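Every value quoted in this text rests on a predicted model; they were computed, and no experiment measured them. Atoms considered below: every heavy atom in the structure, side chains included; atoms not considered: hydrogens, waters and symmetry mates. Order of the sequence lines fixes the chain letters, A, B, ..., with proteins taken first and strands second; residue numbering starts at 1 for each chain.
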Amino acid sequence: MPELPEVESLRRILARSIKGRRFIGATIVEPRLRRTVASDLPKRICDGVITRVGRRAKYLLIELHDDRILMVHLGMSGSLTHRRGLADNTGFDPRHDHVTFMLDDGSCLVFNDPRRFGLIRLITRAELESITELAATGPEPFGGGFSAAYLWRTSRGRSGAIKNLLMDQRIVAGVGNIYASEILFRAGVRPTRRAGKVTRAEIERIAKITPQVLRAAIGSGGTTFRSYRDSQGQPGRYAERLQVYDRKGQPCVTCATLIRAVVVGQRSSFFCPRCQK
DNA sequence: AAACATTCCTGCACGC
DNA sequence: TGCGTGCAGGAATGTT
């Protein structure tokens, strides 16, 4: 499910629905996620008032009044849904609803993650940029930190594939497997190209297109591939706008040449052999 | 039944 | 030689 657009879509919805609410408890059914959820989390989160819902890279940051932050990562198969109350059984999944947070208006936040690659941590604001998960994370794709000049600089001398560079969270935050394929298609660059050999003009296109694709996906509420649902249980609508991802053997939207699939850095990648050089 | 939307760690190779 | 960096591979795991 979760690359930057999906997490950002979730953030926007939660910003409206849970800001101002106070945590009154939490239940941990299954603490074994990417890291084990701290057993004292329910106790520690109590009375935290949500002042803001933020995001850094693919991490959702639920900020509390006392400068603590509930950090949530959805891993590969996670979701965080807001339910009216404990009695609201919509989408109830006893096998994978691992952690439930209770709020003071009777509603609750449910963290569900079949594959358990997700993460839940309560940290302080001071720790935010220094903890392992975020210390080396690169600039957000929107705004000045990520530019053609920056991408040019960081790509020079690299022998790895351009797609891997784009997906490297230390280079730019938030681009995952789906959007990397989509960005490179729109930039006309094959995913297998050595980063250091990508031309200046191509780098400029990639740098320009990256935030455009991500913004468009956010506008559509993200991509639903297989099972992603937003915090209200709605699927994302960007899936229908994907031009190459998971379209192996189907005609290119531009030239009708059949889309091909290759494995780059152990991840499936899709491209048009005619439109992408 | 092979593939999989993520991250983190390890170990090796390379170059200065 | 030693160090830093880049890169590949593996592991965590359950579902479809």
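- Between the C1' atom of B/dT6 and the CD atom of A/E3 lies a distance of 9 Å, rounded to the nearest Å.
- Taking atom CZ on A/R267 and atom C1' on B/dT6, their separation rounds to 6 Å, with Å as the unit.
- Note: CG (A/L134) to P (B/dT6) measures 16 Å, nearest angstrom.
- Note: NZ (A/K248) to P (B/dA2) measures 15 Å, nearest angstrom.
- Checking A/R56, A/H73, A/R121 one by one against A/E133, the side-chain hydrogen bond (donor to acceptor under 3.5 Å, both in side chains) holds for a single residue, A/R121.
- Tested against A/R55, the residues A/E6, A/E3, A/E8 include a single salt bridge (charged side-chain N to carboxylate O under 4.0 Å, His left out) partner, A/E8.
- Taking the centre and axis of the six-membered ring of A/F142, the NZ or CZ atom of A/R215 falls inside the cone set by 45° and 6.0 Å.
- By the 6.0 Å contact criterion, CZ on A/R170 is open, its count of non-hydrogen atoms from other residues, nucleotides or ligands being 12 or less.
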The contact string for nucleotides 5-14 of chain C, one letter per nucleotide 5' to 3', using protein heavy atoms under 4.0 Å with B, S and - for base, sugar-phosphate only and none, comes out as -SS-BB-BBB
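- Taking every heavy atom of residues 209-218 of chain A and every atom of DNA chain B, no pair lies under 4.0 Å.
- Taking each heavy atom of A/L74 and A/D113 in turn, the nearest pair found is O-OD2, 4.2 Å.
- We find that CG of A/L74 is positioned 10 Å from P of B/dT7, with the value rounded to whole Å.
- The backbone N or O of A/S268 lies less than 3.5 Å from a partner atom in the side chain of A/N177, making a donor-acceptor pair.
- In this entry the distance linking OH of A/Y245 with C1' of B/dA3 reads 9 Å, nearest Å.
- Remark: the separation of the P atoms in C/dG9 and B/dA3 is 15 Å, to the nearest Å.
- Applying side-chain hydrogen bond (donor to acceptor under 3.5 Å, both in side chains) to A/S107 and the options A/R21, A/H82, A/R84, A/R83 leaves one that passes, A/H82.
- Rounded to a whole Å, the CG atom of A/N177 is 5 Å from the P atom of B/dA5.
- Side-chain N/O atoms of A/R241 and A/S220 include a donor and acceptor closer than 3.5 Å.
- Atom NZ in A/K58 sits about 8 Å away from atom C1' in B/dA5, given to the nearest Å.
- Phosphate contact (OP1/OP2 of B/dC4, side-chain N/O of A/S77, threshold under 4.0 Å): absent.
- The residue from A/L166, A/T210, A/I183 that alone fulfils the side chain to side chain contact (heavy atoms under 4.5 Å, CB included) condition with A/P141 is A/T210.
- With both pairing distances under 3.5 Å, B/dT6 is matched to C/dA12 as a Watson-Crick or G-U wobble pair.
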